[in-house]
Amino acid sequence: MKINKFFVCLLTVILIFSNYNIICYGQNNNSQVNNLYSLSAALIDGDSGRVLYEKNGYEQRPMASTTKIMTLIIALEYGNSKDIISVSSYASKMPDVQLGINEGEQYKLDDLYYSLMLESHNDVAVAIAEHIGGSVGGFALMMNKKAAELGLNSTYFITPNGLDDIDNKGVHSTTAIDLAKLMKYCVMESPKREEFVAICQTRDYSFCNYDKSRSFNVYNKNAFLDMVDGVVAGKTGFTADAGYCYVVAVTRDDKTFIVALLGCGWPNNKNYKWEDTRKLIEYGFDNYYYSQITDIGTPMKTVDVINGTPKDYVNTYINDYVNILISKQDNIKLEYNLPYKIKPPISQGDIIGSINVIVNDEIIRTINVYSSDTSYVKDYRYYLNLLVDVIF
């Protein structure tokens with residue numbers, strides 16, 4: 001990626017003296033995403049989580065088997081992959097899609113991860129949930145706790161497999177934006193992201209139950225893996241209430257985009273989700289590019305020091321390389337929060353302020369401003385030395 005060095009140098013000079021808005025004029029090609037089939041859709045930046053496009057993105061809807069990305073990440077983070085699971089009667093009776101596990105059978109937990117994600121087996125999801133959470137209800141508490149930690153405030157989990165359900169607290173549901181942000185966590189932030197991606201990338205997998213009396217082959221149903229380059233992970237879903245749903249992360253040229261779709265058609269329109277996803281992914285790659293906003297060691301303006309020595313001010317600098325994904329129509333503002341005066345003592349490298357990087361009125365990054373200098377208090381020793389200098 002080529003960086004416009006002149007732009008960075010110019011920005012550095014301006015930063016020293018004042019706040020500054022960088023306005024990029026132009027228009028995105030919004031015609032690319034007109035006429036989406038999905039009732040709700042979202043496109044987000046995989047790095048910052050910024051919403052780049054949404055259609056009814058904040059409306060809650062059933063999410064079907066896209067639920068299983070939360071089921072898998074909880075199992076990876078809180079389970080032991082070598083655990084042996086015993087299948088309950090309840091798990092074995094889940095409706096299609098099923099692996100067909102039977103009550104009393106035992107399986108290795110990590111084998112069931114592939115059944116869960118590649119073919120979306122509902123009985124396996126419940127078996128995993130009961131093992132990790134003690135019960136489906138206990139696992140749902142873990143799912144909702146994780147959702148709250150991630151700021152998914154419009155998401156509510158009841159089932160680990162995404163079957164339509166309702167209880168006294170609400171409907172099993174999410175929003176397109178929340179679902180996209182959940183996928184961002186799974187592939188970009190979770191301590192188990194590498195394991196998560198490896199499972200989602202697997203094309204086929206073979207395993208047996210623990211006593212090797214039965215064997216299974218599962219195949220990845222995420223057809224989008226082979227439709228475009230750079231698919232990191234994806235999960236399909238369908239129920240009568242939810243319609244066809246899909247969430248996917250795609251990375252190319254150091255850019256990661258995440259698409260989430262809810263209510264993207266009903267039978268016989270199962271291919272609508274691929275069309276909508278392709279439109280949104282192409283829209284992202286065609287219209288968004290990285291722009292360097294700040295660099296390591298960029299100097300800032302001075303800050304006065306009250307009663308300080310050896311100088312009555314300190315120089316400042318920022319030490320963050322900020323490279324953000326923007327389009328031609330985005331409005332970028334660098335807004336800094338620096339005191340007019342500060343009190344000593346101040347050491348070189350101390351944080352004395354911050355800068356907000358704002359895109360379209362949304363804070364994308366906050367970076368620290370550091371002191372380049374050291375300043376001491378003018379105490380009695382300072383004045384004594386000054387007096388000695390004057391006398392002698």
Side-chain angles (χ1 to χ4, degrees), residues 27-59 61 63-66 68-69 117-120 174-184 186-188 196-197 200-203 219-239 242-290 325-330:
Q27 292 185 346
N28 291 346
N29 184 12
N30 291 319
S31 63
Q32 286 180 266
V33 288
N34 287 343
N35 303 315
L36 294 178
Y37 294 111
S38 303
L39 297 180
S40 294
L43 171 72
I44 71 169
D45 171 16
D47 286 329
S48 69
R50 186 164 72 96
V51 177
L52 307 178
Y53 174 86
E54 58 93 8
K55 172 188 175 183
N56 302 322
Y58 297 92
E59 292 186 9
R61 299 185 188 278
M63 63 184 113
S65 284
T66 59
K68 294 183 173 90
I69 67 171
M117 293 302 289
L118 273 59
E119 295 211 18
S120 201
T174 190
T175 67
I177 289 171
D178 273 8
L179 183 58
K181 290 183 176 181
L182 174 57
M183 178 61 92
K184 170 182 164 11
C186 291
V187 300
M188 305 290 286
F196 181 94
V197 169
C200 293
Q201 289 274 325
T202 301
R203 297 308 203 270
Y219 302 91
N220 202 320
K221 303 302 184 186
N222 179 17
F224 205 68
L225 275 171
D226 299 311
M227 290 183 181
V228 301
D229 293 334
V231 175
V232 178
K235 185 71 192 74
T236 58
F238 173 81
T239 65
Y244 291 109
C245 303
Y246 189 52
V247 58
V248 67
V250 179
T251 297
R252 290 202 301 268
D253 302 324
D254 297 324
K255 294 183 279 190
T256 298
F257 295 105
I258 298 171
V259 168
L261 310 174
L262 299 173
C264 190
W266 273 258
N268 297 306
N269 298 308
K270 66 187 303 180
N271 291 326
Y272 281 177
K273 61 183 178 291
W274 309 134
E275 296 181 41
D276 279 7
T277 301
R278 188 187 293 275
K279 284 182 181 179
L280 287 165
I281 290 297
E282 289 178 354
Y283 170 80
F285 283 110
D286 288 349
N287 290 283
Y288 286 86
Y289 57 92
Y290 275 106
L325 198 65
I326 60 171
S327 71
K328 292 180 179 178
Q329 67 179 9
D330 284 328

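Owing to the predicted nature of the structure, the values given are computational and were not obtained by experimental measurement.
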Side-chain touch [X]/[Y], heavy atoms, less than 4.5 angstrom:
X      : Y      : value
Val228 : Val231 : yes
Val187 : Phe196 : yes
Arg278 : Tyr283 : no
Leu261 : Val247 : no
Arg252 : Val250 : yes

To the nearest 0.5 angstrom, please state how far the [atom1] atom of [X] sits from the [atom2] atom of [Y].
X      : Y      : atom1 : atom2 : answer
Asn222 : Leu118 : CG    : CG    : 9.0 Å
Cys245 : Met63  : SG    : CE    : 9.0 Å
Ser327 : Leu52  : OG    : CG    : 8.0 Å

Tell me whether [X] contacts the main-chain N or O of [Y] through its side chain, where contact means a donor paired with an acceptor under 3.5 Å.
X      : Y      : value
Asp178 : Thr175 : no
Lys184 : Ile258 : no
Lys235 : Lys68  : no
Asp47  : Lys255 : no
Asp276 : Leu36  : no

Parallel, tilted or perpendicular: which one describes the rings of Trp274 and Phe224, with boundaries at 30° and 60°?
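The arrangement is parallel - the two ring planes meet at less than 30°.
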Taking only residues two or more places apart in sequence or in another chain, which ones pass side chain to side chain contact (heavy atoms under 4.5 Å, CB included) with Tyr58?
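For Tyr58 the side chain to side chain contact (heavy atoms under 4.5 Å, CB included) partners, ignoring immediate neighbours, are Val51, Glu54, Ile177.
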Taking side chain to side chain donor-acceptor pair (under 3.5 Å) as the definition, give me every residue that meets it alongside Asp226, ordered by chain and number, with sequence neighbours left out.
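Testing Asp226 for side chain to side chain donor-acceptor pair (under 3.5 Å), a comparison that skips the adjacent residues, returns Arg203.
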Looking at the rings of Phe285 and Phe257, which for Trp means the six-membered one, are their centres under 6.0 Å apart?
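Ring centres of Phe257 and Phe285 closer than 6.0 Å.
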Cation over ring face, Lys273 and Tyr246, 6.0 Å, 45°:
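Negative - Lys273 is either too far from the ring of Tyr246 or too far off its axis.
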